[in-house]
Amino acid sequence: MHEYTSTTRVWGLSCPGFPEEVSRARRWTRDILRGSPFAEDAELIVSELSANAILHTASGLESGSFHLAVAVSAQVVAVSVTDDGGTGTAPKAERQDQDAEHGRGLGMVSAIAHRVVVRTSEAGHTITAELFASTGRGGHPC
């Protein structure tokens with residue numbers, strides 16, 4: 001294999017911080033992953049993370065935006081959403097009462113994905129959810 005050839009394909013999309021952009025992000029993810037066993041899980045993850053970016057960060061302000069990346073290899077599908085920041089705390093999965101109307105989204109993403117990584121920078125937060133081909137949910141071998 002040539003040293004500059006990668007077996008990983010990466011797509012990116014930037015969206016204005018409007019609520020209707022969540023459905024666009026979902027469709028975009030579904031189109032990229034058409035035929036993949038991870039398509040539905042990735043679509044749900046993108047929906048939740050995009051909605052969180054709009055609702056809980058500066059991404060939902062008038063000039064806000066959020067950014068998606070999907071990376072696909074034979075071993076993993078990684079879905080990332082980067083928001084515009086503007087909050088004093090980093091996103092985190094918290095156990096919520098099952099009747100709670102808010103606050104369960106990142107916990108749900110953590111339950112679906114094999115691994116969730118949250119990175120914070122001056123520009124905002126990036127949440128990456130990884131789905132591994134060779135393991136079951138929660139990182140356990142199949």
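Because the structure is a prediction, the values reported are computed rather than measured.
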Undergrad: For the pair Phe132 and His114, name the ring-plane relationship: parallel under 30°, tilted 30 to 60°, perpendicular over 60°.
TA: parallel

Undergrad: At their closest point, which heavy atom of Asp83 faces which heavy atom of Ala53, and how far apart are they?
TA: CB-CB, 3.7 Å

Undergrad: Distance from Cys15 atom SG to Leu68 atom CG, nearest 0.5 Å?
TA: 5.5 Å

Undergrad: Going by side-chain hydrogen bond (donor to acceptor under 3.5 Å, both in side chains), name the pairs with one or both residues in residues 10-20, residues two or more places apart or in two chains.
TA: Ser14-His67

Undergrad: Rounded to the nearest 0.5 Å, what's the gap from CG on Leu131 to CZ on Arg115? Could you check?
TA: 11.5 Å

Undergrad: For Ser73, which residues count as a side chain to side chain donor-acceptor pair (under 3.5 Å) partner, sequence neighbours excluded?
TA: Gln75

Undergrad: Check Ser50 against Phe66 and note the closest heavy-atom contact, atom names and distance.
TA: OG-CE1, 3.3 Å

Undergrad: Could you tell me whether the side chain of Ser59 and the main chain of Asp84 form a donor-acceptor pair under 3.5 Å?
TA: yes

Undergrad: Quick one: are Leu49 and Leu106 in side-chain contact, heavy atoms under 4.5 Å?
TA: yes

Undergrad: Taking atom CD of Glu40 and atom CG of Leu33, what is their separation to the nearest 0.5 Å?
TA: 11.5 Å

Undergrad: Could you tell me whether a side-chain N or O of Thr29 sits under 3.5 Å from a main-chain N or O of Ala25, the two making a donor and an acceptor?
TA: yes

Undergrad: Measure the CZ-CD distance between Phe38 and Glu43 for me, rounded to the nearest 0.5 Å.
TA: 15.0 Å

Undergrad: Do you know the tightest heavy-atom contact between Ser80 and Thr126?
TA: CB-CG2, 4.1 Å

Undergrad: Do you know which two heavy atoms are closest between Ala71 and Thr8, and how far apart they sit?
TA: CB-CG2, 4.2 Å

Undergrad: Does Arg119 form a side chain to side chain contact (heavy atoms under 4.5 Å, CB included) with Thr128? I'd like the steps, not just the answer.
TA: CA-CA 8 Å; Arg119 290 185 179 88; Thr128 301; 4.1 Å; yes

Undergrad: Quick one: do Met108 and Val118 end up in the same hydrophobic cluster if we chain Ile, Leu, Val, Met, Phe, Trp and Tyr together by side-chain heavy atoms under 4.5 Å apart?
TA: yes

Undergrad: Are Ile112 and Glu48 side-chain neighbours, meaning at least one heavy-atom pair lies under 4.5 Å?
TA: no

Undergrad: When rounded to the nearest 0.5 angstrom, what is the spacing between CD in Glu21 and CZ in Arg24?
TA: 4.5 Å

Undergrad: Taking all atoms of both residues into account, what is the closest heavy-atom pair of Ala129 and Val109, and its distance?
TA: CB-CG1, 4.1 Å

Undergrad: Looking at every non-hydrogen atom in both residues, tell me the closest pair between Ile54 and Phe18 and how far apart they are.
TA: CD1-O, 3.3 Å

